[in-house]
Amino acid sequence: MSTATDPDPRAELAELARAVRAHVEWLVASGAAGTPRAERPAAPVEHAAPRVEATAAPVAAPAPPVPRPAPPVVAPAPPVATAKPTPSAPAPLPPVPSLLQEPIANGAEASASKHVALEPAERLRRLDVLAETVRACTRCALHAGRTQTVFARGTGASRLCFVGEGPGADEDAQGFPFVGKAGQLLDRMIEAMGFSRDEVYVCNIVKCRPPNNRKPEPEEMAACMPYLREQLELVAPEVIVALGATALQGLFGTTEGITRLRGRWKLYGGRVPVMPTFHPAFLLRNPPAKREVWEDLQAVLRQMGRQPPKR
Ligand code: URA
């Protein structure tokens, strides 16, 4: 029987969760989770550094670039499965190349510099290999309901990357992310920033459509995150825009609301600035929120050394 002096187990649990979260955020913010990127010259910055979320410690000054040997060339892509496995069969891990054999973890443990020594053409080739691997993926239950996987759009040579939640019906049918109504709005946002549609890289947390457009389950996100991490390392964008709460959850493991987090810079893998903002599907339902999104996108442009266009 508990007494008045017994510790409240729920309070203890909450305290423990707060301590773990603060530690992980500190790892991300301090760069302790990886080494800085060195492959691209810094964009001319004509403004203050982004406000990066750091709960326990200030963001560490970047360490000098660490020369790394080129990673071994990946094995050729496995043959694409033509028949879908039976739903009852256990989902085998595909013979994924290179880093995808790593244990699943959240963005705090990702390193964006693993491919620092790769030539651009080799990065693109590896992205193609990765897309083939994803095409055959059966790592979570979502594979059973998909028409096809939805890997990305954009060249992979992009400096700016948008990360959404997961494919909807239009994306599942066409095989590309953000091609439905929300995608058309995203395209207008991209154009308003002064980019062409194909100049940016667009991808999702999960590569298969969740049934009835529901939010992906945590285990589905966890199963798919190694693909996104590899994608982001190969594309090596200068800035990532996280579209909505699910994108943030996938990248950082946070379940905090997007309303609180939007407009506040975070660091992915300890080094890539991420701007959280509202998902275009939310904007379709709440057009007044476009004003805040435009503020966020202007901050992204400034971070990239671009003058935001007048509107
Ligand atoms: N919503 C997303 O998050 N991703 C898409 O690809 C389409 C709609």
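This is a predicted model, so every value here is computed, not measured. Throughout, residue positions are numbered sequentially from 1 according to the sequence presented. First listed ligand is number 1; within each ligand, the first listed atom is number 1.
Of all atoms in ligand 1, numbered sequentially from 1 with element shown, those under 4.0 Å from a heavy atom of H279 are 1 (N), 2 (C), 3 (O). In the vicinity of P177, heavy-atom distances shorter than 4.0 Å reach the ligand 1 atoms 6 (O). Contact atoms of ligand 1 toward G164: 3 (O) (distance under 4.0 Å to a heavy atom of the residue).
An N or O contact shorter than 3.5 Å is missing between E171 and ligand 1 by distance. Of the N or O atoms in G168, none lie within a sub-3.5 Å distance of an N or O in ligand 1.
Contacts of A182 with ligand 1, taken as heavy-atom pairs under 4.0 Å, are absent altogether. Contact annotation for E165 and ligand 1: heavy atoms of both the backbone and the side chain come within less than 4.0 Å of the ligand.
How far OH of Y268 is from CG of L232: 5.0 Å, rounded to the nearest 0.5 Å. Atom-to-atom distance recorded for L297:CG and Q303:CD is 13.5 Å, nearest 0.5 angstrom.
Within a 6.0 Å radius of CZ in F176, other residues, nucleotides and ligands contribute 12 heavy atoms or fewer.
Atom 4 (N) of ligand 1 has its closest protein heavy atom at N204 OD1, 2.8 Å. Ranking the protein heavy atoms by distance from atom 5 (C) of ligand 1 puts G166 O, 3.4 Å first.
By the 4.0 Å N-to-carboxylate-O rule, R264 lies too far from E256 to be salt-bridged with it. Salt bridge status for R291 with E295: present, with a side-chain N to carboxylate O gap under 4.0 Å.
Taking the ring axis of Y227 as reference, the NZ or CZ atom of K207 does not stay both within 45° of it and closer than 6.0 Å to the ring centre.
Looking at D198, its side chain never comes within 3.5 Å of a backbone N or O of G154 through a donor-acceptor pair.
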